[in-house]
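So the structure is just underneath, and the comments pick up after that.
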Amino acid sequence: MSRVYGDPARARQSLAATTAPVAPRGIPPMTLARVVLWAVVLVNLLIVEALFFTHGGGKNWVLTIAKFFGLHAALIMMFQLTLVARIPWLDRRIGMDRLTAWHRLVGFGLFWTVMLHAVFVIAGYATLYDMGFGETFFSLAGVLASLLGIIAAGIMIVVVGVSIRYARRRLPYETWHAVHVLIYLALLAGLFHQMMEMTTFASSALANAYWWLLWTLVLGALIVNRVAVPLWRNAYHRFRVAAVVPEADNVTSVYVTGRHLDRLPARAGQFCVWRFPGHNRWWQANPFSLSAAPDGRTLRLTAKAAGKTSAGLRHLKVGNRVFIEGPYGAFTNLHRKRENTLLIAGGVGVTPIRALLEESGGSTVVLYRAAKETDAVLLGELHGLAAARGAQLHLLTGRTGSGSPPNRPFDPENLLARVPDITEREVFVCGPPAMTTAVVDAVRAIGVPSAQIHAERFGLG
């Protein structure tokens, strides 16, 4: 079932004072960021290959292979850390959801590279000293440098185990996050392992300086953006709960205020990682989108009760301290090339869509998918914004596939029927992963250029 709100005639003009800027012509921000990121990776990979083949020989050919995998494991670890260092320039252009997905894929590659390094080290020393595999393992475990490497590999096995999709879907976010933090212990053990064992760069002061400068830059970016900036930002802004508003039986909005919020670099469509000290344990944190465009006075999140942290939001007290990391995300108008917009939301994925509608310009169409009208979070606000901005709002309800003809609102032909000029619009999609994938596939099938499709996947939150 579809209900349409708004005046189609007024949808051709923007009636609000604030409108979304159209990005200047040139290389799209995401494309530029990807080119820069992969160029840096490739250049450093070529440098490391050259250094290995000139200085990387081992005591026998098996240990040479072991050194090859060890060196590349360290390089992959640097890349992994860069992907999750939350470097603002990358995050606002590529998006944390994509960077995190790459981090996950690279992580499995790192795991196998480390395992191969360990196997070849044991095999190499077993060959060198004519010992058994098990005997060699326990002999190496008695050496501090090797023991640190074994500890790092062991921690990695645990982290990879909980990151497998089957396990990840069954763990609360807080539990998964707590286990995932163990990777920093593996990093620390691995760094000391490198300092004590690595000989590849020992014969060249310049190569040695290059290697540790690379580590310094990566760790520096990680510490600055994930520790120093959040601590400074929270000390400066002093975030506090200003109001708690139940939106539905299982949905709550929290308004947050603080000092100088006009200086917080937040944009509609972004999200923050939220902690509520004194209400939850310090390690309990969740990523929630901003459900209203930042106005320099307050921030707002709206969340569905899906875990202990989100379910407890309605019990927050006014004045409670809030610790915020962010804002993060590339689901913003930075990437806009077209004046007209199609906003598609599913379930509580409406929160960043509602914020984007607040600053939309030109002709805007909103498609909001919900099982039934009573499940449509923030529908009243969407009505008001659609009326104020001359936008069309379609509420799409009913069970997918039911009825005759089947209720499939995101099939290409149905999307075209509702939005005939869809290929001329920027398309923003946020909802459950299955819905988001279906919509992205449909708009691509219709012929919407990839540069005009922007998807936010909130399955982790």
Side-chain angles (χ1 to χ4, degrees), residues 1-3 5 169-176 240-257 269 271-276 278-281 284-293 298-320 322 324 343-358 366-387 393-402 407 409 429-436 456-461:
M1 180 184 294
S2 172
R3 293 194 178 185
Y5 306 88
R169 287 177 174 172
R170 284 157 178 78
L171 285 174
Y173 175 84
E174 295 88 350
T175 303
W176 172 84
R240 299 276 177 178
V241 174
V244 179
V245 180
E247 304 286 356
D249 289 343
N250 61 346
V251 179
T252 303
S253 288
V254 179
Y255 292 77
V256 174
T257 189
F271 70 94
C272 297
V273 178
W274 306 80
R275 287 182 171 85
F276 300 95
H279 181 75
N280 295 316
R281 295 178 178 88
Q284 290 180 310
N286 282 86
F288 296 125
S289 295
L290 298 174
S291 59
T298 59
L299 303 173
R300 188 181 75 171
L301 69 93
T302 301
K304 183 178 181 179
K308 290 182 179 179
T309 304
S310 52
L313 290 177
R314 64 179 53 218
H315 303 301
L316 285 170
K317 303 297 183 185
V318 172
N320 272 146
V322 184
I324 295 176
L343 303 174
I344 303 177
V348 78
V350 72
T351 52
I353 294 295
R354 182 255 179 248
L356 287 169
L357 177 59
E358 206 170 336
V366 183
L367 305 182
Y368 186 4
R369 184 76 171 100
K372 51 186 182 296
E373 186 168 349
T374 54
D375 292 335
V377 181
L378 305 178
L379 183 59
E381 294 186 15
L382 290 172
H383 285 165
L385 285 170
L393 171 61
H394 299 255
L395 179 62
L396 311 175
T397 58
R399 185 175 180 178
T400 300
S402 64
N407 181 27
V429 187
C430 185
M435 189 210 87
T436 300
E456 180 85 335
R457 303 174 192 272
F458 65 95
L460 289 180

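Only heavy atoms go into these numbers, but all of them, side chains included; no hydrogens, no water, no symmetry mates. Note that the coordinates shown come from a computational prediction; the quantities given were computed from them, not determined experimentally.
Within the 3.5 Å criterion, the main-chain N or O of A303 finds no donor-acceptor partner in the side chain of N286. Within the 3.5 Å criterion, the main-chain N or O of V377 finds no donor-acceptor partner in the side chain of E247. When atom types are taken as modelled, the side chain of R369 and the backbone of L396 share a donor-acceptor pair closer than 3.5 angstrom. Of the possible polar contacts, none joining the W274 side chain to the P287 backbone as a donor-acceptor pair under 3.5 Å is found.
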For L382 and V350, run side chain to side chain contact (heavy atoms under 4.5 Å, CB included): C-alpha distance rounded to whole Å, both residues' side-chain angles, the deciding distance at 0.1 Å, then the answer. CA-CA 9 Å; L382 290 172; V350 72; 3.7 Å; yes

Decide side chain to side chain contact (heavy atoms under 4.5 Å, CB included) for L379 and E373; before the verdict, give the C-alpha distance in whole Å, the side-chain angles of both, and the deciding distance to 0.1 Å. CA-CA 8 Å; L379 183 59; E373 186 168 349; 3.8 Å; yes

Is there a side chain to side chain contact (heavy atoms under 4.5 Å, CB included) between T252 and V245 once you walk through the steps? CA-CA 6 Å; T252 303; V245 180; over 6 Å; no

Test V244 against Y255 for side chain to side chain contact (heavy atoms under 4.5 Å, CB included), laying out the working first. CA-CA 6 Å; V244 179; Y255 292 77; over 6 Å; no

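Side-chain contact check for L313 versus F288: some heavy-atom pair is nearer than 4.5 Å. Side-chain contact between V322 and F276: present, with at least one pair of heavy atoms (C-beta onward) separated by less than 4.5 Å. Two residues are said to be in side-chain contact when any heavy atoms from C-beta on lie closer than 4.5 Å; V251 and T302 meet this criterion.
Here the closest heavy-atom approach between residue D249 and residue R314 is recorded as O-NH2, 3.1 Å. Contact between M435 and C430 at its shortest, heavy atoms only, is CE-O, 4.0 Å. Taking both residues in full, the closest heavy atoms of P432 and G346 are given as CD-O, 3.6 Å, listed atom of the first, atom of the second, then distance. L385 and E358 make their closest contact through CD2-CG, 4.1 Å (heavy atoms, listed as atom of the first residue, atom of the second, distance). In terms of heavy atoms, D375 sits closest to Y368 at O-OH, 4.2 Å. Of all heavy-atom pairs between A376 and L395, the closest is CB-CD1, 3.9 Å.
The CG atom of L357 lies 8.0 Å from the CG atom of L393; values are rounded to the nearest 0.5 Å. Here CG of L343 is found 5.0 Å from CD1 of I353. Values are rounded to the nearest 0.5 Å. Taking OG1 of T397 as the start and NZ of K372 as the end, the distance is 10.5 Å to the nearest 0.5 Å. If you take CG on L301 and CZ on F271, they are separated by 13.0 Å, rounding to the nearest 0.5 Å. The OG1 atom of T351 sits 7.5 Å away from the CG atom of L378 when rounded to the nearest 0.5 Å.
Contact check on R300 versus E381 returns a salt bridge, with a Lys/Arg side-chain nitrogen under 4.0 Å from an Asp/Glu carboxylate oxygen.
For V318, the side chain to side chain contact (heavy atoms under 4.5 Å, CB included) test picks out no residue, with sequence neighbours left out.
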